[in-house]
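Structure first, then comments.
As the structure is a prediction and not an experimental result, all values here were calculated from the model. By convention here, the first residue in the shown sequence is residue 1.
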Amino acid sequence: MKYFYFNPFVFSFFIAAMFLLASCDSDKDQDPTDDTALVKEESEVISSYNDVDNLTLFAMQSNGLGLRTLLDFQGDICANTDVDFDAGAKRITIDFGAGCTSPNGIIRKGKVILQYTGLFYIPGTVITATFEGFEVNGKKLEGVRRTINKGVDLNAQTITLETTIADGKVTWPDGKFATITLNHTRKISLPSSGEGIQVEVTGNSIGTSREGKNYIANIGNVLNYLQTCTDTGNWIPSAGTLKIIVDNTTEYNIDYGVGVCDKEATVTVNGKSYTVTFDR
């Protein structure tokens, strides 16, 4: 009969090897949380500023400066929101006070101040948005967001806008913040189907994340937004692609799909692809 003699050294080596192999397998399949966190953060920043689009359209139309004859845009704001229209100063102040929740669940507080040069649908009109203690879903917005009407195509029923953000800053409740400078071209197609307004976006942005990482975000295939999505607070593109380059070293490619109103995208980094679900 053969006997097995317990060897503590061999046993310890065996256990250590097993843990090491398990660790390697875990790393191989692990979602790159640092990378997807930055992708999600960039989306949050863009979504927060894009929320101002709905507010602008609502405010301009409600004061006779929009496209009332072609567009019935109700907006998604609280019933007690104070919209002050100063025709002489060409200024609209949207005041959410200490905070309220819209019918679609968007929480806003503070003020958005819109300064305009003319009617929304007139080429050359400039609309400048600034913020006073304005927050959307807990994130405080700062900076200057400027929209210029670059042209109207009556036959195609489209309006082309150039949107820029200067000195952009988004601060989270924990005090951490991200910065952004943006230059986008937005083509708005007036409603022709049940999807309502459709917006196609091209352009780029640069910024710094909450963790101090510098990035450049370049739109590849046109990003497409549907009113049926954005009316519910979902500012995730329904289609299109985006490339984010972090610290001039690592590249992340985001594919938003082909027209589905959801909150998912495929992120490819270092040859691996992951499905990412965004908060909004």
Side-chain angles (χ1 to χ4, degrees), residues 46-77 83 85 87 90-92 94 112-130 136 141 143-166 168 180-205 217-242 256 259 261:
I46 296 295
S47 296
S48 298
Y49 281 103
N50 280 348
D51 183 66
V52 180
D53 277 354
N54 278 359
L55 301 180
T56 301
L57 284 172
F58 167 77
M60 297 293 283
Q61 178 173 287
S62 64
N63 288 285
L65 300 166
L67 292 167
R68 186 175 296 276
T69 57
L70 297 174
L71 177 63
D72 182 20
F73 187 80
Q74 300 300 321
D76 175 46
I77 64 174
V83 181
F85 178 48
K90 292 187 175 181
R91 181 174 60 245
I92 302 174
I94 310 172
V112 176
I113 299 96
L114 302 175
Q115 200 78 40
Y116 61 92
T117 63
L119 301 176
F120 173 79
Y121 54 85
I122 299 298
T125 290
V126 179
I127 304 171
T128 303
T130 53
V136 54
L141 271 61
V144 178
R145 189 177 191 273
R146 182 170 287 109
T147 299
I148 304 173
N149 186 327
K150 303 297 288 186
V152 176
D153 186 332
L154 295 177
N155 292 325
Q157 290 197 318
T158 61
I159 300 174
T160 300
L161 307 174
E162 180 183 87
T163 299
T164 61
I165 297 175
I180 184 172
T181 299
L182 174 146
N183 193 321
H184 280 175
T185 296
R186 312 168 70 83
K187 186 169 76 172
I188 300 176
S189 297
L190 300 182
S192 60
S193 68
E195 300 292 355
I197 300 171
Q198 297 189 47
V199 182
E200 296 181 343
V201 182
T202 59
N204 58 74
S205 62
N218 296 314
I219 297 173
N221 296 329
V222 175
L223 298 182
N224 186 263
Y225 296 86
L226 303 176
Q227 185 182 353
T228 49
C229 302
T230 61
D231 273 355
T232 66
N234 177 10
W235 278 98
I236 305 306
S238 297
T241 61
L242 180 71
Y256 293 99
C261 183

Problem - Over all atoms of both residues, closest heavy-atom pair of G124 and T117 - result: O-OG1, 4.1 Å
Exercise for the section: With side chain to side chain contact (heavy atoms under 4.5 Å, CB included) as the test, would you mind laying out the steps for T185 and K150 before giving the verdict? Expected result: CA-CA 9 Å; T185 296; K150 303 297 288 186; over 6 Å; no
Exercise for the section: For residues S48 and L141, report the shortest heavy-atom separation together with the two atoms involved. Expected result: O-CD2, 3.5 Å
Fill in the blank from the handout: d(L223 CG, I236 CD1) to nearest 0.5 Å is 10.5 Å
Exercise for the section: Give a yes or no on whether the backbone of K90 and the side-chain of Q115 come within a donor-acceptor separation of less than 3.5 Å. Expected result: yes
Problem - Heavy-atom side-chain contact between I180 and I46 under 4.5 Å - result: yes
Completion exercise
For G168 and Y49, the nearest pair of non-hydrogen atoms, with its separation, is CA-OH, 3.4 Å
Practice task
Would you name the heavy atoms of C229 and S238 that are closest together and state the gap between them?
Solution key: SG-OG, 3.6 Å
Handout entry: Donor-acceptor contact present, side-chain T125 to main-chain L119, <3.5 Å
Key = yes
Exercise for the section: Please round to the nearest 0.5 Å and tell me the distance separating atom OG1 of T160 and atom NZ of K187. Expected result: 6.5 Å
Exercise for the section: Report the distance from atom OG1 of T130 to atom CZ of R146, rounding to the nearest 0.5 Å. Expected result: 10.0 Å
Exercise for the section: Might you point out which heavy atoms bring V222 and E200 nearest each other, and give the distance in Å? Expected result: CG1-CB, 3.4 Å
Handout entry: T202 side, atom OG1; N183 side, atom CG - distance, nearest 0.5 Å
Key = 9.0 Å
Exercise for the section: Output yes when a side-chain donor or acceptor of N149 lies under 3.5 Å from a complementary backbone atom of F120, and no otherwise. Expected result: yes
Practice task
Test side chain to side chain contact (heavy atoms under 4.5 Å, CB included) on I127 and T56 and set out the steps.
Solution key: CA-CA 9 Å; I127 304 171; T56 301; 4.1 Å; yes
Handout entry: Spacing of OG1 belonging to T164 relative to CZ belonging to R145, to within rounding of 0.5 Å
Key = 8.5 Å
Practice task
Test side chain to side chain contact (heavy atoms under 4.5 Å, CB included) on I94 and F58 and set out the steps.
Solution key: CA-CA 10 Å; I94 310 172; F58 167 77; 5.7 Å; no
Practice task
Using modelled atom types only, decide if a donor and an acceptor are shared between the side chain of T241 and the backbone of N221 within a distance under 3.5 Å.
Solution key: yes
Problem - Note, D53 side chain near W235 side chain (heavy atom, < 4.5 Å) - result: yes
Handout entry: Distance (rounded to the nearest 0.5 Å) between N50 CG and T230 OG1
Key = 9.0 Å
Practice task
Answer yes or no: is there a side-chain heavy-atom contact under 4.5 Å between N224 and Y256?
Solution key: no
